Amino acid sequence: MTQGHNYVFPVEGERFDEAGKVSVQVKQILKKIGIPDAVLRRAAIAIYESEVNIISYAIHGTASLQVTDDHILIDIQDVGPGITDIEQAMEQGYSTANDHIRAMGFGAGMGLFNIKNCSDIFEMSSEEGKGTHLKITINR
Amino acid sequence: MTLREIAELLDAKILVGGDHLGIEVKTAFSADLMSDVLAFAKPGSIMITGLTNPQIVRIASIVDNSAILVVRGKIPPRETLALAEELDIPVLSTKYILFETSGRLYASGIVGCVRKIEGPESIVPL
């Protein structure tokens with residue numbers, strides 16, 4: 001059993017200029033660890049969309065990365081309005097994005113769908129008025 | 001096609017990465033929706049877009065685009081170009097519109113990252 005790598009990155013709401021920063025950093029970290037390109041790409045995409053979600057909808061949040069012998073574990077937690085209807089939010093094309101989000105090339109209702117597609121295991125829970133929690137597992 | 005040939009074909013300005021014009025490009029993905037680029041673009045492809053914010057560079061870095069080709073004569077702001085320098089991603093700008101740009105490249109042998117999406121159509125609510 002080797003020691004896992006653990007990282008926590010804060011993400012601030014409404015900082016549209018920073019979208020993707022954590023993702024680019026994570027990609028570099030995973031590359032250094034020696035994760036294959038096809039796998040680290042899925043992790044980077046999942047984190048990118050998660051960052052955009054926090055920036056677009058939440059007050060603030062964190063993206064945590066843990067790399068074990070077998071998995072890449074990504075934990076996204078935010079403090080924000082939460083999601084009322086998770087099933088609806090998961091639908092491709094469903095979005096509550098405003099014009100600002102759309103002008104950046106996001107907010108077309110693809111985010112959660114993209115995240116799920118990049119995950120081997122995807123779990124989401126949300127509490128209205130409190131926030132949303134995503135647990136993403138990607139096999140190495 | 002090399003980036004140089006693409007730039008010549010589209011009469012494009014090279015804004016970043018003039019020393020990378022020998023890069024060989026075989027595939028492309030055209031979109032103004034960055035989530036779709038994340039979902040469908042393949043490593044080595046050229047991103048063709050009308051967006052100019054710094055996100056296009058971060059996205060290109062994540063999906064390993066070989067270069068970014070900005071259409072409709074748009075010149076990205078300084079912060080976008082500075083990030084492209086930093087992440088070493090060439091940026092070109094052409095006055096051709098997205099349709100013309102894609103068509104000219106396709107006619108010259110560049111193909112899309114995917115031809116069609118797999119699975120069912122997605123219904124987009126109003």
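The model shown is predicted, which means the values in this text are computed figures rather than measured ones. Letters go in sequence order (proteins before strands), and every chain restarts at 1.
More than 12 heavy atoms of other residues, nucleotides or ligands shown are found within 6.0 angstrom of CD on B:E24. Within 6.0 Å of atom CG in A:D99, 12 or fewer heavy atoms from other residues, nucleotides or ligands are found, so the atom counts as exposed in its surroundings. At most 12 non-hydrogen atoms from other residues, nucleotides or ligands lie less than 6.0 angstrom from NZ of A:K116. Other residues, nucleotides and ligands place no more than 12 heavy atoms under 6.0 Å from the CD atom of A:E14. By the 6.0 Å contact criterion, OH on B:Y106 is open, its count of non-hydrogen atoms from other residues, nucleotides or ligands being 12 or less. Heavy atoms of other residues, nucleotides or ligands lying less than 6.0 angstrom from CG of A:D85 number more than 12.
Here the closest non-hydrogen pair linking A:D17 and B:R58 is O-NH1, 3.1 Å. Looking at every heavy atom in both residues, A:G105 comes nearest to B:L33 through O-CD1, 3.1 Å. Contact between A:G111 and B:S35 at its shortest, heavy atoms only, is N-OG, 4.4 Å. Here the closest non-hydrogen pair linking B:D36 and A:M110 is OD1-CE, 3.4 Å.
Only the backbone of A:F16 comes within less than 4.5 Å of a heavy atom in chain B; its side chain stays farther off. For A:A103, the part sitting under 4.5 Å from any heavy atom of chain B is the backbone (N, CA, C, O) and nothing else. Only the side chain of A:N114 comes within less than 4.5 Å of a heavy atom of chain B; its backbone N, CA, C and O stay farther away.
Cluster membership check: B:I6 does not share its hydrophobic cluster with B:V16, using side-chain heavy-atom separations under 4.5 Å among Ile, Leu, Val, Met, Phe, Trp and Tyr. At a threshold of 4.5 Å between side-chain heavy atoms, the hydrophobic network of Ile, Leu, Val, Met, Phe, Trp and Tyr places B:V71 and B:F29 in two separate groups. Cluster membership for A:Y57 and B:M34, using ILVMFWY side-chain heavy atoms within less than 4.5 angstrom, is shared.
Ranking B:V63, B:L38, B:I62 against chain A, the residue ahead of the rest is B:I62, based on heavy-atom pairs under 4.5 Å. Between chain B and the options A:R102, A:K27, A:K21, heavy-atom pairs under 4.5 Å are most frequent for A:K27. Put simply, of B:D32, B:I59, B:V37, the one with the most heavy-atom pairs under 4.5 Å next to chain A is B:I59.
Applying a 4.5 Å heavy-atom cutoff, the residues of residues 44-57 of chain B that approach chain A are B:L51, B:N53, B:Q55.
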